[in-house]
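Written below as structure tokens is the structure these notes are about.
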Amino acid sequence: MAERRTYSIAELGPRYKWIALSNTTLGMLIATINSSIVLIALPDIFKGIGINPLEPSNTSYLLWMIMGFLVVTAVLVVAFGRLGDMYGRARMYNLGFAVFTVSSIMLAITWFQGDAAALWLIGWRIVQGVGGAFLMANSSAILTDAFPANQRGLALGMNGVAAIAGSFLGLVVGGVLAPVDWNLIFLVSVPFGVIGTVWAYLKLHDTGVRKHAKMDWWGNITFAVGLIAVLVGITYGIQPYGTSQTGWGSPMVLSCLIGGIAVLIAFVIIETKVDNPLFRLSLFKIRSFSWGNLANLTASLGRGGLQFVLIIWLQGIWLPQHGYTFEQTPLWAGIYMLPLTIGFLVSAPTSGILSDRIGSRLLASGGLVITALTFLLLTFLPVDFNYWAFAAILLLNGIGMGMFSSPNRAEVMNSLPADSRGSGAGMMTTFQNAAMVLSIGFFFSLIIAGLSDNLPGAMSRGLIQHGVPEAAAQQVAHLPAVAVLFAAFLGYNPIQQLLGPQLHNLPADQASFLTGRSFFPNLISGPFQDGLAVAFGFAIVVCLIGAVASLLCKDVKKSPESVGEELAAVAGESGGGPSELVSPRSDR
């Protein structure tokens with residue numbers, strides 16, 4: 001690659017850090033909006049391309065539309081963060097913006113139908129994930145380079161706000177645009193992508209220390225193969241296999257999980273032998289980096305599947321019981337979950353500012369304790385809850401997440417030497433995204449287990465009672481529970497989808513009752529609550545583990561950096577540029 005100049009903060013002026021913050025915030029916002037906007041628009045997408053995602057042969061399309069973006073970003077962020085350390089973080093970030101924009105255009109102009117359209121969409125979603133990985137891997141490092149230590153909590157907090165807010169804004173935006181034309185959900189990000197790409201190219205500059213080195217190809221290959229295998233195994237683990245409701249006993253899933261773990265063990269061994277490893281294992285000798293990443297990993301395990309569980313709870317049970325048609329539920333689920341976003345929007349920047357002044361350890365730990373408390377409160381909430389109690393718990397949950405997120409990211413990023421910020425940020429994002437995929441698989445599996453124990457008998461009795469022939473009722477009742485979950489998640493009318501042509505053979509009043517707003521929600525309420533109790537119990541445990549890990553971090557005493565210290569921390573090559581000018585921080 002052609003060499004580009006590295007600047008000092010003094011050359012770029014005092015406004016540069018705010019340019020960096022605004023551009024990286026835009027990047028994180030459109031990346032996370034696109035990760036969730038697809039969730040809410042899936043019914044319209046599949047209807048538009050002529051595919052029924054609930055047919056067993058099409059379930060993999062549905063899963064990869066949901067999980068593909070997360071899997072790709074989890075696999076690539078470390079390598080892309082390392083490329084940023086080697087060739088310039090602003091440069092790699094700008095490339096990510098461009099890739100993301102091009103893939104959004106290609107997704108918006110989909111002209112195929114059927115299987116070809118599904119494969120086209122999944123393929124370009126994966127490319128979009130590549131662009132997202134460039135953005136995620138380098139945005140935190142760019143901000144850490146641009147801001148002095150006593151302001152990094154604020155900057156990283158604002159960036160985190162954009163990431164979380166985008167994931168919930170996507171639900172609302174998708175709910176509004178998808179019924180008009182599903183192509184609009186991809187087209188809407190194109191102008192922002194073009195502006196962000198041009199803006200980043202013209203205004204963002206590399207200010208950090210570069211460390212030129214050979215790429216660790218064996219490390220990259222083994223890490224990618226191992227992590228992809230594990231995440232694919234988790235993805236297919238929630239699909240039925242044979243007579244089992246889930247696929248955890250499938251030879252393919254077991255091979256992916258066991259083989260992937262074996263390859264990852266080989267990766268760790270390789271990283272101890274090569275001169276310039278992809279994963280700098282020596283970074284784990286830094287106390288705040290190690291414990292901070294463990295806290296981030298456990299927090300992501302606890303909250304990763306929360307969004308999916310809440311959507312199913314609202315769309316499959318609560319909203320139909322309160323007068324909304326199944327077709328209306330995706331949009332209203334996003335609206336009714338806004339208290340979670342509001343709590344985070346208030347808490348994350350505030351905790352970022354406070355962490356700059358009083359340290360991050362107690363704030364991060366307290367945030368996870370509050371988050372664990374909200375999971376406990378959710379277990380005591382009846383399935384047909386009072387909305388204001390539900391909204392208050394979601395608001396408190398958002399506050400807890402925000403209290404943890406900003407201080408935790410600032411703690412980890414502040415602990416890194418300047419020439420490792422890109423790879424360190426990539427490692428942190430890998431742990432977070434991989435944990436979210438694992439969390440989704442785990443939450444889904446627990447709820448499927450709860451449904452599969454009691455749902456078949458209850459559904460069979462209910463259908464027979466309302467005129468469905470016994471043979472047909474038994475057949476529908478023993479369909480995989482995941483089909484019921486996906487129907488609720490997609491905003492379909494579950495009984496209408498499951499019975500299909502059988503409805504035409506029933507008396508009109510019975511067919512109307514079965515497909516109405518009370519039969520299905522009442523049917524799954526009990527089994528669903530059983531699954532919720534176990535899932536939220538798991539979330540409580542991992543959040544408390546994360547709270548303890550946060551306490552074990554070591555606060556760096558915060559004081560405003562002098563101009564000389566700030567220049568030394570982000571100087572790069574312009575002043576002689578030896579990386580040893582930037583010493584590791586005092587919490588090593």
Side-chain angles (χ1 to χ4, degrees), residues 26-53 58-77 80 93-137 162-163 166-198 200 235 307 330-331 334 433 437 489-491:
L26 175 64
M28 292 301 293
L29 188 65
I30 70 162
T32 52
I33 282 177
N34 272 269
S35 70
S36 63
I37 201 170
V38 169
L39 298 180
I40 212 76
L42 281 171
D44 294 286
I45 291 173
F46 283 113
K47 190 185 300 179
I49 63 176
I51 280 183
N52 179 3
N58 295 330
T59 308
S60 58
Y61 293 151
L62 176 61
L63 281 173
W64 279 106
M65 285 292 289
I66 294 172
M67 310 278 265
F69 190 92
L70 278 176
V71 170
V72 172
T73 52
V75 169
L76 294 178
V77 284
F80 290 172
Y93 175 86
N94 191 216
L95 177 61
F97 237 138
V99 170
F100 194 92
T101 304
V102 169
S103 60
S104 297
I105 294 171
M106 300 307 290
L107 284 163
I109 63 173
T110 303
W111 63 88
F112 301 109
Q113 284 288 304
D115 293 345
L119 293 172
W120 171 273
L121 289 170
I122 290 168
W124 281 106
R125 279 288 286 171
I126 288 172
V127 175
Q128 196 174 53
V130 172
F134 272 116
L135 295 173
M136 293 175 187
S167 66
F168 287 98
L169 286 174
L171 298 177
V172 178
V173 174
V176 171
L177 294 180
V180 178
D181 187 335
W182 67 265
N183 301 82
L184 292 176
I185 69 165
F186 300 114
L187 193 61
V188 70
S189 64
V190 173
F192 297 101
V194 171
I195 292 168
T197 302
V198 175
T235 301
Q307 187 180 66
L331 173 61
N433 287 2
V437 175
F489 178 74
L490 291 170

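For this chain, numbers begin at 1 and follow the sequence in order.
- Residues Thr197 and Ala98 approach most closely at OG1-N, 3.6 Å, considering heavy atoms.
- The two residues Ala178 and Asp44 make their nearest non-hydrogen contact at CB-OD2, 3.4 Å.
- In plain terms, the two heavy atoms of Leu135 and Ala31 that are nearest each other are CD1-CB, 4.3 Å.
- Remark: Ile195 pairs with no residue by the side chain to side chain contact (heavy atoms under 4.5 Å, CB included) rule, at least two apart or across chains.
- Atom-to-atom distance recorded for Ile30:CD1 and Phe192:CZ is 9.0 Å, nearest 0.5 angstrom.
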Identify each donor-acceptor pair in which a side-chain atom of residues 179-187 lies under 3.5 Å from a protein atom, sequence neighbours left out, and give them as a table.
residue	atom	partner	partner atom	Å
Asp181	OD1	Asn183	N	3.0
Asn183	ND2	Ala108	O	2.9

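- Side-chain contact between Phe134 and Phe100: absent, with no pair of heavy atoms (C-beta onward) separated by less than 4.5 Å.
- Residues Val127 and Ser103 share a closest heavy-atom pair of CG1-CB, 4.0 Å.
- Under the side chain to side chain contact (heavy atoms under 4.5 Å, CB included) criterion, Leu119 pairs with Tyr61, sequence neighbours left out.
- Evaluation of the side chain to side chain donor-acceptor pair (under 3.5 Å) rule for Trp124 yields no partner, not counting sequence neighbours.
- Partners of Ala133 according to the side chain to side chain contact (heavy atoms under 4.5 Å, CB included) rule, which considers only residues two or more places apart in sequence or in another chain, are Thr73, Leu76, Val77, Phe80.
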Could you pull out all donor-acceptor pairs under 3.5 Å where a side-chain atom in residues 63-72 meets a protein atom, sequence neighbours excluded?
residue	atom	partner	partner atom	Å
Trp64	NE1	Tyr236	OH	2.9

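- Every ring pair (Phe, Tyr, Trp, His ring centres under 6.0 Å) that Tyr93 has, sequence neighbours left out, goes to Phe97.
- In this structure, the side chains of Leu121 and Ile49 come closer than 4.5 Å at one or more pairs of heavy atoms.
- Thr101 contributes atom OG1, which lies 9.5 Å from atom CD of Gln128 (distance to the nearest 0.5 angstrom).
- The CG atom of Asn34 sits 8.0 Å away from the CG atom of Leu107 when rounded to the nearest 0.5 Å.
- Thr32 pairs by the side chain to side chain donor-acceptor pair (under 3.5 Å) definition with nothing, not counting sequence neighbours.
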Let me see the working for Val190 and Val194 under side chain to side chain contact (heavy atoms under 4.5 Å, CB included), right down to the final yes or no. CA-CA 6 Å; Val190 173; Val194 171; 4.3 Å; yes
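- Remark: Phe46 pairs with no residue by the ring pair (Phe, Tyr, Trp, His ring centres under 6.0 Å) rule, at least two apart or across chains.
- Considering every non-hydrogen atom in both Gly48 and Gln113, the closest pair reads O-NE2, 3.0 Å.
- For Val102, the side chain to side chain contact (heavy atoms under 4.5 Å, CB included) partners two or more places apart in sequence, or in a different chain, are Met106.
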